[in-house]
Number of protein chains: 2
Amino acid sequence: MVSRVAENRRKILNAARELVLEGGFAAAQMSAVAVRAGVATGSLYRYFKSKDELCRQVFREVSSREMNLLANIAEKQGSATERLIEVADNFAGRAVRGRRLAFALLNEPVDVALAEERRRFRRTHASIFQGLIEEGIANGEFDNVDAEITAACIAGAIPTALVGPLAPDSDVLDARGDEVVKSLVNFVLKSVGAKQQLNQSTPQAKPHQTTVQ
Amino acid sequence: MVSRVAENRRKILNAARELVLEGGFAAAQMSAVAVRAGVATGSLYRYFKSKDELCRQVFREVSSREMNLLANIAEKQGSATERLIEVADNFAGRAVRGRRLAFALLNEPVDVALAEERRRFRRTHASIFQGLIEEGIANGEFDNVDAEITAACIAGAIPTALVGPLAPDSDVLDARGDEVVKSLVNFVLKSVGAKQQLNQSTPQAKPHQTTVQ
DNA sequence: CCGAAAAGTGAATACAAATTCACATCACCC
DNA sequence: GGGTGATGTGAATTTGTATTCACTTTTCGG
């Protein structure tokens, strides 16, 4: 029956996603996925051509949720500055609160196939930022920076500063997470020459759109 | 004889380094290193406990050269702004001109051991930037930004924008490399609130200290 | 109910590297 | 020159997973 097939596919993807959430892509071994999904290892190959394909699928599912969130914010009403703040704040804030997921998506050592997927993910981030920057430049909110490069920089800076090699270690992020996020938003604002800055001692302008699952 | 031992160690390290320069750490397989060095695979283990140790050693040798270069610039005479420009310009410029090495050091998918080594490398970058930023803030050249976070962002932004997922592909960098580097330097200056900006249409303020090997 | 096709199984296999090791060779000292 | 320990060798082994496949079970139209 076609529905059972779809259901199994889901079970497998969910199992893989859970493992990734818990231990990164390193934890998503085929045998582990099979056990978690309650199927035989061989069955995985009825649904996915290879491990790479399965992992890519998981990556896309998880990352597209994140991307859509940010893309939606970028399309809301409001000044470019306001939306840039909210995008950056959500990007950084979600990463801080969902550190394990952020690590898996952005920084975990992965193989070539997933590195490619990650590349796309970053490119999408960058293009969201780029759109906002161009808009802000056009209407005079921002300085006339190189939007493409600046966007690429921002898309690289936030993850690296947060979950990357340079990250304050986890305990610090637990304690000072909000502060770090605020510094990051200010970094972004400064880099585009926005007039407005976040006040370091008050909460951010807008609440987060969603919470981390 | 002790000198032959030292010489062999060198031969092996050089072979490994050459392979990394040519094809990244993925190309540095033990058998390939052995062939290139003109020794048997077994001999590698007389000199290095494991592949990880060999690769780490190679990483350190190559990266420390880069780090020292930047650290020396940061310690030179001049305003914080001047030195920040020169550090950023050299960092980005060397990466553009030595793209394969930059890729291996900064972006290639690698295993956990090398990822750790890379973490140190980035941390060192960040601390160089952090020192300059703090100095610049102290004497009023820069705005009062969060030096730690800003430094971490810059250290992450430049590599990602250049050789990472977002990079214009290699051809573009060949053609527009200088322009991209200039945009990056301006990004850095903006992010710290420096008064001075690089002129987009003239060459950078200072010549590079060295050329890529 | 039957039979063919699809789906499920998991032990066996494939695979790609790193690593080992039993043996050969060398350097050096008596 | 002979003995001894260090060094060199590379084929064989190990290792850790992904992948396969001969077989069983299920599904479903006729």
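What you see is a predicted model; the values in this text were computed from it and never measured. In what follows, every chain begins at residue 1, and chains take the letters A, B, ... in the order their sequences are listed.
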Give me the distances for all protein-to-nucleotides 16-20 of chain D N/O pairs that come in under 3.5 Å?
unit_1, atom_1, unit_2, atom_2, d
D:dA18, OP1, A:Lys51, NZ, 2.5
D:dA18, OP2, A:Met30, N, 3.0
D:dT19, OP2, A:Tyr45, OH, 2.9
D:dT19, OP2, A:Lys51, N, 2.8
D:dT19, O5', A:Tyr45, OH, 3.4

**Prompt:** Are any non-hydrogen side-chain atoms of B:Val145 and A:Asn186 less than 4.5 angstrom apart?
**Reply:**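 No. Closest side-chain heavy atoms not under 4.5 Å.
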Looking only at side-chain N and O atoms, does [X] come under 4.0 Å of OP1 or OP2 in [N]?
X       : N     : result
A:Tyr47 : C:dG8 : yes
B:Asn8  : D:dT7 : no
A:Ser43 : C:dA7 : no

**Request:** Taking only Lys NZ, Arg NE, NH1 and NH2, and the carboxylate oxygens of Asp or Glu, determine whether A:Arg65 and A:Glu61 approach each other closer than 4.0 Å.
**Result:**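 Here A:Arg65 does not pair with A:Glu61 in a salt bridge, since their nearest N and O are not under 4.0 Å apart.
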**Prompt:** Is the closest basic N to carboxylate O distance between A:Glu82 and A:Lys76 below 4.0 Å?
**Reply:**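 Looking at A:Glu82 and A:Lys76, the cut-off is not met.
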**Request:** Have a look at B:Phe48 and say if it touches a base, only the backbone sugar-phosphate, or nothing, with a 4.0 Å heavy-atom cut-off.
**Result:**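 Counting heavy atoms under 4.0 Å across all strands, no contact is made by B:Phe48.
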**Message:** Is a donor from one side chain sitting under 3.5 angstrom from an acceptor on the other, for B:Gln57 and B:Glu53?
**Reply:**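 There is no such pair between these side chains.
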**Message:** Quiz question: by atom type and distance under 3.5 Å, do the side chains of B:Asn14 and B:Arg10 form a donor-acceptor pair?
**Reply:**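 There is such a pair (donor and acceptor under 3.5 Å, judged by atom type) between the side chains of B:Asn14 and B:Arg10.
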To the nearest Å, how far apart are [X] [atom1] and [N] [atom2]?
X       : N     : atom1 : atom2 : answer
B:Arg9  : D:dT7 : CZ    : P     : 13 Å
B:Glu7  : D:dT7 : CD    : P     : 14 Å
B:Lys11 : D:dT7 : NZ    : P     : 14 Å

**Residue whose closest nucleotide on DNA chain C lies nearer the 5' end, A:Ala40 versus B:Arg46** =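 Final value for this comparison: A:Ala40.
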Listing, residues 32-40 of chain A side-chain donor-acceptor contacts under 3.5 Å, not counting sequence neighbours, or none:
unit_1, atom_1, unit_2, atom_2, d
A:Arg36, NH1, A:Glu18, OE1, 2.7
A:Arg36, NH1, A:Glu22, OE2, 3.1
A:Arg36, NH2, A:Glu22, OE1, 2.9

